[in-house]
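Below is one structure; the comments refer to it alone.
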Amino acid sequence: MTGSERGQTVATRADTGNTADAAAGARTQDATDTSAKSGTPATPGTLRISDIWRRGRVLATAALLLGLLLLLHASIPNRIGNLGSLVETFLPWCGLFVPLLLAGALLRRSATAVIALLLPVVAWLNLFGGLLTDKSRPGGDLTVASHNVGADNPDPLGTARALARSGADVLALEELAAQARGTYEKELAQAYPHHTVQGTVGLWSRFPLSDTRPVDVAMDAGPLGDAKPAEVKMAYNRGMRTTVTTDAGPLAVYVAHLGSVRVNPRAGLSSGRRDAGAQSLGQAVAAEKNERVVLLGDLNGTLDDRAYAGITSRMESAQEAAGTGFGFSWPATFPVVRIDQILVRGVKPESAWVLPATGSDHRPVAARVSW
């Protein structure tokens, strides 16, 4: 083969290669165009802009439903298992679903789900965002505290001594067991020269007390309860009212321990006795003539629960007005709800806080108020 012939052969091969490459490029372009028209990514793992809006529709729907739950919780009916009250009891914890849904949205790379999450975030912040800041202020004229000391408290002596060191001027105790009452009276006597016990609730004070009387919190509602003598009812009475004569004037103080609630899968939230007690207590507060009022006690529910509307419409939560965080008080080992409350009317909360755990299954709560 001559040199010219070899040159022609190489040129022919080059032309053939170029033709093959051009053909392959054309096929690739055709495949890309076809993929674009069909909506399927041309290369595995490639995500186009349109896909991030189509992905995560289930997550987006869940986020919208969560937002509506937070916005419209008051519209959830109580007819079946007190569902509305049950949701409102744990309403703050609904916020935990937001980071879970956000993680799912990021994994799915779904812009739709991320944007849908704005609704529950805004709704939760509107309801509870104010509790995340420190609203306490220095000063105050009077410190009040409340503690469900627990009928089964294994260490009433230690609990009484801890409360004596709390610095409270007025101290309310609930669930006072008969066998432990003497211990509390003895250990608190030096710090609190004035006290009264009405059934299973009591009040210890640095200031004189007067006009003390039990308050009906509907623990014995109905004909059977009406038939019981007053001395029998007093043994397990769970509400009281007294006047504390402070240096700045009289202060009406209510102490209450409302009925317990139960949650079970079949009946839902069983809270009939508590709800009746809340209604009765609200009526007593509404009829109070003293313009300065403080309510202390274990109300066995969060103030988001509609059952307390008769109370919260007339009184202000010290924790919400002057505390930091949610102020959870129960259970003592790992509090998840605030059922121990301090509410005021006619005085200004300056600060509110939760005291360290004692031998009780509740934690004490305290607040400082000014006139």
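For the single chain, residues carry numbers from 1 onward in sequence order.
Salt-bridge check for R161 with E187: passed, with a basic side-chain N closer than 4.0 Å to an acidic carboxylate O. Salt-bridge annotation for R345 and E316: absent, with no side-chain N of the basic residue lying under 4.0 Å from a carboxylate O of the acidic one. Note on D305 versus R274: salt bridge recorded, some NZ/NE/NH1/NH2 to OD/OE distance being below 4.0 Å. A salt bridge links R213 with D211; the closest basic N to acidic carboxylate O contact falls under 4.0 Å.
Residue N148 comes nearest to G150 through the heavy atom pair OD1-N, 3.0 Å, listed as atom of the first residue, atom of the second, then distance. Between P138 and E350, the shortest heavy-atom distance links the atoms O-OE1, 4.3 Å. For the residue pair S260 and R262, the shortest heavy atom distance occurs at CB-NH1, 3.3 Å. The minimum heavy-atom distance between V261 and S271, with the atom names listed, is CG1-CB, 3.5 Å. In this structure, D169 and Y192 approach most closely via the heavy-atom pair O-CE2, 3.8 Å. The two residues L70 and P120 make their nearest non-hydrogen contact at CD1-O, 3.6 Å.
Proximity of N290 to P250: side-chain heavy atoms (C-beta onward) are separated by under 4.5 Å at one or more points. Here the side chains of W124 and V98 are not in contact, with every heavy-atom distance at 4.5 Å or above. Residues V354 and P364 have side chains not in contact (no heavy-atom distance under 4.5 Å, counting atoms from C-beta outward). Contact annotation: the side chain of T112 never approaches that of R55 to less than 4.5 Å [non-hydrogen atoms, C-beta and beyond]. By the 4.5 Å heavy-atom criterion applied to side chains, D155 and L157 are counted as neighbours. M240 is listed as a side-chain neighbour of T212, based on a closest heavy-atom distance under 4.5 Å. Here the side chains of L295 and L281 are in contact, with some heavy-atom distance below 4.5 Å. Side-chain atoms of R137 and S351, non-hydrogen and from C-beta on, never get closer than 4.5 Å to each other.
Inspection of the T196 and Q198 side chains reveals an N or O donor paired with an N or O acceptor under 3.5 Å. No side-chain donor from either of Q341 and S317 sits under 3.5 Å from a side-chain acceptor of the other.
Looking at N82, its side chain never comes within 3.5 Å of a backbone N or O of S270 through a donor-acceptor pair.
By the criterion of side-chain heavy atoms lying less than 4.5 angstrom apart, applied directly or through intervening Ile, Leu, Val, Met, Phe, Trp or Tyr residues, L65 is not grouped with L100; the two fall into different hydrophobic clusters. Cluster membership for L72 and V87, using ILVMFWY side-chain heavy atoms within less than 4.5 angstrom, is not shared. L251 is connected to I342 through a chain of hydrophobic side-chain contacts under 4.5 Å among Ile, Leu, Val, Met, Phe, Trp and Tyr, so both are in one cluster. Residues L125 and L66 are members of one and the same hydrophobic cluster, defined by side-chain heavy-atom contacts under 4.5 angstrom among Ile, Leu, Val, Met, Phe, Trp and Tyr. Cluster annotation: L127 is not connected to L119 through the hydrophobic network of ILVMFWY side chains, with a link wherever side-chain heavy atoms come within less than 4.5 Å.
With respect to L203, the side chain to side chain contact (heavy atoms under 4.5 Å, CB included) criterion is satisfied by exactly one of L171, V144, V170: V170. For the side chain to side chain contact (heavy atoms under 4.5 Å, CB included) with P331, the qualifying choice from I339, V336, D361 is V336, the only one to do so. L173 pairs with exactly one of L188, V197, T200, V255 by the side chain to side chain contact (heavy atoms under 4.5 Å, CB included) rule, that one being L188. If you run side chain to side chain donor-acceptor pair (under 3.5 Å) between D298 and each of H257, R238, H147, only H257 comes through.
More than 12 heavy atoms of other residues, nucleotides or ligands sit less than 6.0 Å from atom CZ of F207. In R306, the CZ atom is crowded: over 12 heavy atoms of neighbouring residues, nucleotides or ligands sit closer than 6.0 Å. Other residues, nucleotides and ligands place more than 12 heavy atoms under 6.0 Å from the CG atom of D134.
Note: F326 and W93 fail the aromatic proximity criterion, with ring centroids not under 6.0 Å apart.
Sequence neighbours left out, the pairs with a member in residues 276-288 that pass side chain to side chain donor-acceptor pair (under 3.5 Å) are R241-E288, Y254-E288.
Note that OG of S85 and CG of N78 are 4.0 Å apart. Values are rounded to the nearest 0.5 Å. Note that CG of D340 is 12.0 Å distant from OG1 of T302, once rounded to the nearest 0.5 Å. Note: L86 CG to I76 CD1 = 9.5 Å, rounded to the nearest 0.5 Å. Once rounded to the nearest 0.5 Å, the distance linking CG of L355 with CG of L163 reads 8.0 Å. The line from CG of N126 to CG of L71 is 7.5 Å long, rounded to the nearest 0.5 Å. In this structure, OH in Y308 is found 16.0 Å from CZ in R314, a value given to the nearest 0.5 Å.
Taking the six-membered ring where tryptophan is involved, the planes of H195 and W204 are essentially parallel, since the angle between them stays under 30° and well short of 60°.
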